[in-house]
2 protein chains.
Amino acid sequence: MKDVARQAGVSLSTVSYVVNDSGPVAGARRARVLDAVRLLGYTPNESARRLRNKSTATIGLIVPDLSNQFFALVAEGVEQAAAEQEALVVLCAPEAIDRPTQYYARLLRSQRLDGLIYLPGGEGMTLSLALELAEAGPVVMVDERIRGFEVPSVVADSRGGARAAAEHVLALGHTRVAIIGGPEALWTSEQRMFGFQEALAGYKVPLHSVTVRVGDHRIDSGASIASELLQGPASARPTAFICANDLMALGVLKHCRALGLAVPGDVSIVGFDDIPIAELVTPGLTTVSQPARTMGQLAADTLFRLLDGGECADVSSPLPTTLVVRDSVAAPDTCATRTH
Amino acid sequence: MKDVARQAGVSLSTVSYVVNDSGPVAGARRARVLDAVRLLGYTPNESARRLRNKSTATIGLIVPDLSNQFFALVAEGVEQAAAEQEALVVLCAPEAIDRPTQYYARLLRSQRLDGLIYLPGGEGMTLSLALELAEAGPVVMVDERIRGFEVPSVVADSRGGARAAAEHVLALGHTRVAIIGGPEALWTSEQRMFGFQEALAGYKVPLHSVTVRVGDHRIDSGASIASELLQGPASARPTAFICANDLMALGVLKHCRALGLAVPGDVSIVGFDDIPIAELVTPGLTTVSQPARTMGQLAADTLFRLLDGGECADVSSPLPTTLVVRDSVAAPDTCATRTH
DNA sequence: TTGTATGCGTTATCAT
DNA sequence: ATGATAACGCATACAA
C-alpha cells in the first residue's frame, strides 16, 4: 500500500479512501491510484484490515463429517450464502478427524471469527460445549436444537415427516415393525421418535409388536441392527424398518441383500433425509425429504443478518418436509409361508 | 493481553513469552501469567498475530463441489491433515455456488493464506487461472495436473485403473462397448481415456464397435448419454458402459432401470472412484478404487512440508488404484433375441 | 531474566 | 479534498 501511494504520488489515506471508497477524492487522483493498484498488483492485507476493523468476514462451520451427503449439502448451502456476502467459511469436521469438537472451540475462538454455524453430531453434544462454542461469537444451529441454548436454529419438520413416513408403512398393514432411532442426545432423534410414536398410536399398533433400537446414524449401525433383528424365524421378525435417517436405512437394505431377503417383498424400509443416493439404490428408497441445501443457506443468512443487523430474524418454525415414495415399501407379505 | 500483563504484574513481553514459550521466564512469574490468562479468559488475537508473523496457519481448499463424495472424501483428508498441524482450512466450492474459480483467486489472495490445495473441476481449468491462484501462495494439486503448471500434485494411477476396468469387461467378451469420458480439459480424463484405449487395443476390439462420448462427471450426463445410446435396436446398442467416474456410471444405471433394462443382464457398467455409494446400489457397481481420503491427506502434508521445510518432497508417482469387482458386469447376453 | 520500544498494514480522526 | 498520525494486538531486537 505504501508502494501504491508512492507510485501514485499520494498519501496512504488517499489510497485507503479509493480502495474502500470511504472518502472523497478527486477524479484524477483516483484514477492514478487505481492505475498504481493494478500496476503493482496490490491486494489489501486482510489480517491488517481485520485487526483494525474487528470484522473478519469469515464464519466457521461445524459439521460432524462430510461423508454423510446430508451434511455435505448443508455445507454447500452455507458456502453459497457466504459467497454472496463475500465471506469465507472455515470447515470443521470433528468426527472426520477424530477430535473432540472442543478442539475447534479453542481454535475458532482465537481466530476471532465473526460467527459460527453449528450442526452437532451424536458425539459430544452437550450444553457446556455449546456454551463454549458460543464464546467464539454468535452461533446459529442447523438441524438441531439444544435445550437451554438459546440461539437461532434452522430445522425441518422432523416430527411431521417422521409421522408421515411411519403412517405410510402402517397404512399398508404392517404390524411387526422395527424402529431404528438416532443418537439419543439429539433433538431430531427425539422429534422423529415422537412422530413415529404418533403414527403407531394412530394405527393402534400393539406395543409388543414394535421393536425399538438406537443407531448412530451411520450405515454400519443400520446393518448390524438389521442383522440382530432379522435372525429370528420369518414369522416373528419385523416386516418393516422405519429408520431415523437414510444411511441407517441403507445399512438395513444392504444387510437384507446379504441375507437374500427381498425388499420390499420380505421387508419394507423407509429412511429420512432423502440424500441423493436414496433414489439410486434398488429399490429406490422411500424417505422423507429435507431441504438440506436450503437449510444451510438459511442458517448462514440468519447468521449474517444477526451479525450486521443485530436483529435476530425468527427462524424458529421448522421447514416443511415431504414424504417421497419410491419402491422400498410395500404391503407385508401375508403369505408368510412363501419362503418355505 | 494488556489486561493479562497488568493482572499478573508483568510486562507485555513476558506474557508473550509464556503464551508462545518463546523466551525464558521464571517459574513463579510464569505461573502468575498462566493464572491471569485463565482468569481473564484470554485468547490471542490471531489477526494481530498473523499481521506480525506472516503465517496464517490457514490453507485454502478448492474443490468443485461437495455433492460428489469423492471430493468430500478428499476434503476430509485435507481437513484431517490440517488439524494435525493446528491449521484451519477454508472451503471453496466454486461449482456449488456457481461462481468462477477466479472469484476465489481474489478472495484467497487478500486473505494471505499460507497455501492452497487445488482440485479443479471441469469448468474453467486453465493455465492462466492456475497461475492466478498461485499468486495467493504455494499451491499443491490433487487428482489433477496442468501442463506447464509446475507444482506438486497428488494423483492416483488413473491410466492403470482405467485399463484394468476396461480389460475386465473386455475379457468377458463384450465387443459393442460405450465409453463415457470425463471433461476433456482434465488430465485424469485423458489418462483414463488412454487406459481404456490400451485395453481396447490389447483386445483388438474393432474401432467401429466402440462409441465414445464425453460427460461432465455428473449423474445427469451419464443418464442422458445412456438415453442417447440405448435407443437403438437391441442388436446394435452397447452391451457395456465404461465410465470415467462413478457418478456417470450411476447415471447410466439409473437410466437402465428406467428403461427396464437388466444390469448386468442386458448391459454391464463399470465406474471409477469407488465412492461409498458404489457398493450400495443394486447391483453393486464394479469400479476402480482411488484412495480419496489419503490423497487429501497427502496433498495437505505436502503443502505443509513445502511451507516450513521449503523442500518439496516428491509426490509425483501416482498412488495405486485397484479394480473392485462387484455385480454390475457380466458376460454379454449372447442370445440377443431374448427381448423379442 | 525482564521490560521498553518499534513495526507489521490498515483505517479513522483530525488538521490542513 | 488531502495528508499526517494514532491505534488495532502482538512479537521481537535490544537495553537493562
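Note that this is a predicted model, so its numbers are computed, not measured. Per chain, numbering begins at 1; letters A, B, ... match sequence-line order.
- Distances shorter than 4.0 Å separate some side-chain N or O of Ser16(A) from OP1 or OP2 on dT11(C).
- Of the candidates dT2(D), dT10(C), dG3(D), the closest approach to any side-chain atom of Val10(A) belongs to dG3(D).
- Between Arg49(A) and dT11(C) there is a side-chain N or O to OP1 or OP2 distance below 4.0 Å.
- Lys2(B) comes within 4.0 angstrom of nothing in the nucleic acid, heavy atoms only.
- Arg52(A) has no side-chain polar atom (N or O) that falls below the 4.0 Å cut-off from OP1 or OP2 of dA7(D).
- Counting any heavy atom pair closer than 4.0 Å across all strands shown, Thr43(A) reaches sugar-phosphate atoms only and no base atom.
- In the model, Gln69(B) has no side-chain atom that pairs as donor or acceptor with a side-chain atom of Ser67(A) under 3.5 Å.
- At the phosphate of dC10(D), OP1 or OP2 sits under 4.0 Å from a side-chain N or O atom of Tyr42(B).
- For the P atom pair drawn from dA15(D) and dA11(D), the interatomic distance equals 22 Å after rounding to whole Å.
- Counting any heavy atom pair closer than 4.0 Å across all strands shown, Met1(A) reaches a base atom.
- Residue Asn53(B) has no polar side-chain atom (N or O) positioned under 4.0 Å from OP1 or OP2 of dC8(C).
- Within 6.0 Å of the CD atom in Glu132(A), the count of heavy atoms belonging to other residues, nucleotides or ligands exceeds 12.
- Rounded to whole angstrom, the span from the CD atom of Gln111(B) across to the P atom of dT10(C) amounts to 13 Å.
- Comparing Leu51(B) and Arg29(B) along DNA chain C, the residue whose closest nucleotide (by nearest heavy atom) sits nearer the 5' end is Arg29(B).
- One finds no side-chain N or O of Arg32(A) lying less than 4.0 angstrom from the OP1 or OP2 phosphate oxygen of dT2(D).
- Contact record, Leu88(B) with Val90(A): CG-CG2, 4.1 Å, taken as the closest heavy-atom pair.
- Phosphate contact (OP1/OP2 of dT2(D), side-chain N/O of Ser11(A), threshold under 4.0 Å): absent.
- A side-chain donor-acceptor contact under 3.5 Å links Thr43(A) and Arg109(B).
- With 3.5 Å as the limit, one finds a donor-acceptor pair spanning the side chains of Gln111(B) and Arg50(A).
- Comparing dT10(C), dG9(D), dT2(D) against the side chain of Asn45(B) picks out dG9(D) as the nearest.
- Between Tyr17(B) and Lys54(B), the residue whose closest nucleotide on DNA chain C is further toward the 5' end is Tyr17(B).
- A donor and an acceptor atom sit less than 3.5 Å apart, one in the side chain of Ser13(B) and one in the base of dG3(C).
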